[in-house]
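Naming convention: chains lettered A, B, ... in sequence-line order (proteins, then strands); numbering from 1 in each chain.
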Amino acid sequence: MEASGLETKSATKKKGKLSPLAAREERAAYLFLLPWILGVIFFLLGPILASFALSFTKWNLFSPPEWVGLANYQKMFHDRDFYNSMGVTLKYMLLSIPLFSAAALGLSVLLNQKLRGMYVLRTVMFMPSVLAGTAVAVMFSMLLQPDAGIVNQFLRGIGIANPPRWLMSEQWAVPAIVLMGLWGIGGGTIIYLAGLQNIPPTLYEAADIDGASAWQKFTRITLPLLTPTIFFQLITSLAAAFQIFDIAFVLSGRGARRGALMFYLLNIYNESFRESRFGYASALAWVLVLISAITILVINSTSNRWVYYEVDTKGES
Amino acid sequence: MGLPSNIRGKKRPFQYRISKFSKNFMVYGILFILCAFILLPLGWMFTTALRPDNTPTFTIPPEFFPTKYWHWENFSRALTNRNLPFFIFTLNTLKIFALNVIGSVISCTMCAFAFSRMRFRGKKMLFNFLLVTMLIPFAVLMIPTFIMFNKLGWYGTILPLVVPAFFGNAFFIFLITQYMKTIPVALDEAAIIDGANYFQIYWRIILPLSMPVVAVQVVFLFLNTWGDLLGPLIYLTNTSQFTVAIGLASFATRENPNNNLLMAANLIMMIPPLILFFFAQEKLIGGIASVGLKG
Amino acid sequence: MLKKQALTIILALLLAAMLVACGGTSPTATEIPVQDSATDSTTAEPVEMPVTGEQTPLTVWTFEGESENFTSIIEDFETKHPNIKVEVVDIPESEYGTKVDTALIAGEPPDIGFINDDKWIASGKFLPIGDHLKAEGINIEDYNPGAMTVNCLVEGEAYCIGTFTGALMLFYNKDILDAAGIEYPSATVPLSMDQYAALAEAVTKEGATLADSVWGADTDIGVWWQDRRNFFSEDGRTVDGYLNDEATVHMFEKLIEMREAGAIIQGNSTMAAEGFASQDMLASGQLATSILEADLGIKMLENTDIRWGVAPVPVEQAGDEPWTATWTDAYGVFSEADHPEAAMEFVSYMATEGNNLRVQQGIMPLKNTLGAEWAGESEGRQQAVQVIALARPGILVPGFWDIIGPLWDAYEGDMLEDGRPPQEVLDEYVPILQETLDQAWDTWDSFKE
């Protein structure tokens, strides 16, 4: 409470006076934000600063950290795994984000139909997302086995003589992971489903009267009014793509193609928990934060141009 | 999506019924193909779960439906063969879940309300900061966070697993903010004219209208708590405090790859989230269409 | 009005805090005393057993607790030591290392732990047990030397001991070999890579459908199942001149030859991501040979009608000393254990009675002298005992899996996909692997400071 009060006062001095009504709104807003702000200060700031400080040290977890200056950051320039993991992560991002967004959107429109049995169908679609990543990975590594897996048996059946070697191939390992993600896409649709609920049915009724086609209704009503949800999905799937880990961790266990599945976070995990180089891992993490923050802030700054909000957000500082 | 063009302009009931029928038919058709795509691998899991020990799980051709083996006892073995108190594990998990729901729903909707519907200076900066906090990889924060909770004396308690929920979560705040931004502003304006304060607008108008997205949040919270392995594992020390995820996680050790028990355990793990999801749809589907503009 | 709002919010927060407090003070959650991380291990020893015949609680962390076999070993231990009560905490294997690491940071490890990471020994987190074992009349020499050096011996001192021997062997299907008129591999003299390739290629048969096909072998690269000395110097610090020497290059050439002949099915169980397992093909009679964990392979094959045998894994060249990779369930006593003496009792029990119980359970014991009893009448098992007897002490290579990891890319990508000669590719990878190896040693040495 006091913190918000102080902030208001100093801000007022700087920017001139707010109207009493606006000042009241501002104070109330900071009160609403108080839990999160306190949470950041108490639970996030400490660990963030600690990991930032650790990125300038050499630390094996058990002996005291040893200061090494910028050495960890310099090391990245000639670390093959670093470049490799950047490439793999980028490839995954470019493949998965458009594909997942489109698939989840399309599926949620289907699932939003008011039809008999839809409760069950929605639940079926949702099933894969409640499975543990490990089980999914185990299952898919069997389905995608190059010589005898069902997927390649099927592909040979329809006349493809040399189907991809999936997880064992440099080119196809990332697409294989994307395929697994596609299988579990039902989880992402529930966010779109919630978004769809907010579109007033009166809009569709009006469109029906004007004789609009279903496609027109989709592009002129559904899509624009879903942009806040699409924007959310875009940002969070970017964040998720930067941080994909579970499936890659299980699948790239000894034996599979190491390089082809070396996602950025897997590299961080290997450096820290397997190779006990916690300082270097922290440095890697901070480079990731920097890159992803720039990407997301750039996207966020364009959002006013294409995201439609009921609440007018233009002209806010 | 090609078909609807022939609906246009023709509103005679008979043709309308025909086109509606063919549209429904198509929707069902697509959904059934998708269901097959999803259910076949699950059928394979189920088949594997019913196999006896030490038999091949991988066969040519693959078996997507159980035909030969019906070892139903694998399901009960997955729950009992280690004398682990799964009933207590379930209670522990539900306790953590309940506290997370209370804390997270209150704190996140409050923050989202401010971000979506109020004007204040520093909003854009704070919101960007919120987005950036989502990007810090858990892997590097884990050890510093662990050291902090240990210093607070919270090691060995469930506090590290529930207290942070009361202080908001970037992902959920962002999710709910996006949702609240699409609720018509006319509602707040009318309320202000009626003399409501901000808390009343939040509590009486926006929160009830946000139930679909809160339902999504609760589903996700459940998935997170139910599936979280590392969190409970590093902070809890006694078997009596453990959660279901820990209890079921260790079926396939390298020495003992009991794929049948692993799959049975995973299928059991699926049931509670699915039940929750089945019923959460009530809240999820409907939303403003049924509550908002009429009420 | 604002005041009222603030009040409501504060009330909400208070309510929240109260709920948390309730959660925190529930009976299950608060029993663990919080300790400073710097507790001195040797003095912090609350010996509080006697008086009323109270039991000493002993906590064991492992990821084997789920098996009925392990449970019966614990029960037997408790019967023989009525003053000790063992609590087994079962930790999922994938997260085990993290759990132990964090507990060590908190300064609250259990009494006994499964050691699957040498760094804990190197940084002094486990007590040496050699003297204790000697005092109990246990001779370390009786236990499988391969498994002991891999898991428990660091610079000659023992830190742990186990109950079973895990081992990698070459399983073969006698029916398939008979049909092709091929002699069974010997249980004592390993095949050379040339012989291995010839055998695998001879039995491979591409049927009209996959279900009629037979594969000769299931290996990927031999770097993990052969003697590390083929690829590293004796001190474990150099790869140049070992990984890219003529014999290793020849091994890769042979592997490529086999792959191109379609004689190798991918998905070796020990290596592949736990998923597709070639042992399933072995048990369905479609795989002629498999490099496989002994216990797993035997259990699976004894469930079928297949006639099988085992041999040591192939060596690079004819005349090379045979090699069997082995390991064990390594239990040691944490330096910060609350009850180190009772814990030592437990470890020496594992070394003696634990091994006997493994024999009764049909699992290969760590103690070599019990091998014959374990094998019984089974010809296959008797061969397995012979193969295990070939195990020799290994060499220490810290971060071994991370160092050899890139070799899968070298093999699958550079050699097989791009068709480049192994010598050229290995020469190219040597400096990269050497750098990783140097870093791993650097970290290893830092644990000992």
Side-chain touch [X]/[Y], heavy atoms, less than 4.5 angstrom:
{"X": "A:T236", "Y": "B:M134", "value": "yes"}
{"X": "B:I143", "Y": "A:W59", "value": "yes"}
{"X": "A:M127", "Y": "B:L39", "value": "yes"}
{"X": "B:F199", "Y": "A:L31", "value": "no"}
{"X": "A:L111", "Y": "B:L31", "value": "yes"}

Just give me the residue among [options] that pairs up with chain A most often, heavy atom to heavy atom, under 4.5 Å.
{"options": "B:I30, B:L131, B:V213, B:I147", "result": "B:L131"}
{"options": "B:A114, B:A280, B:P137", "result": "B:P137"}
{"options": "B:Y28, B:F127, B:F138", "result": "B:Y28"}
{"options": "B:G168, B:P144, B:A112", "result": "B:P144"}
{"options": "B:F146, B:F129, B:F222", "result": "B:F129"}
{"options": "B:D188, B:L130, B:T177", "result": "B:L130"}

Given that the side chain runs from C-beta out, which part of [X] has a heavy atom under 4.5 Å from chain A: side chain, backbone, both or neither?
{"X": "B:M270", "answer": "both"}
{"X": "B:M142", "answer": "side chain"}
{"X": "B:F174", "answer": "both"}

Heavy-atom cut-off 4.5 Å, strictly under: side chain, backbone, both or neither for [X] against chain B?
{"X": "A:I296", "answer": "side chain"}
{"X": "A:T123", "answer": "both"}
{"X": "A:V120", "answer": "both"}
{"X": "A:L107", "answer": "side chain"}

Report the distance from atom [atom1] of [X] to atom [atom2] of [Y], rounding to the nearest 0.5 Å.
{"X": "A:R27", "Y": "B:M118", "atom1": "CZ", "atom2": "CE", "answer": "11.0 Å"}
{"X": "A:L297", "Y": "B:L135", "atom1": "CG", "atom2": "CG", "answer": "8.5 Å"}
{"X": "A:R24", "Y": "B:N197", "atom1": "CZ", "atom2": "CG", "answer": "7.5 Å"}

Geometric class of the A:F43/B:F149 ring pair [parallel <30°, tilted 30-60°, perpendicular >60°]: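 Judged by the thresholds at 30° and 60°, the geometry between B:F149 and A:F43 is tilted.
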
Do B:F120 and A:Y30 make the cut of ring centroids closer than 6.0 angstrom?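 So the answer is yes for these two rings.
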
Compute the centroid of each ring, for B:F278 and then for A:Y119, and state whether the two points are separated by less than 6.0 Å.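 B:F278 vs A:Y119: aromatic centres under 6.0 Å.
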
Show the nearest heavy-atom pair for residues B:Q281 and A:R122, with the distance to one decimal.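 Answer, listing the atom of B:Q281 first, then A:R122: OE1-NH1, 2.7 Å.
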
Can you see which heavy atom on A:A281 is nearest to which on B:V140, and at what distance?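 Answer, listing the atom of A:A281 first, then B:V140: O-CG1, 3.7 Å.
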
Taking only Lys NZ, Arg NE, NH1 and NH2, and the carboxylate oxygens of Asp or Glu, determine whether A:E26 and B:R121 approach each other closer than 4.0 Å.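 Judged by the 4.0 Å cut-off on N to carboxylate O distance, A:E26 and B:R121 do form a salt bridge.
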
Based on non-hydrogen pairs under 4.5 Å, which of A:V289, A:L238, A:L121, A:L115 is most in contact with chain B?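 Of the candidates given, the most pairs with chain B belong to A:L115.
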
Out of B:F115, B:W203, B:Y198, B:Y202, which residue meets the ring-ring contact (aromatic ring centres under 6.0 Å, His included) rule with A:F32?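 Passing option: B:Y202.
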
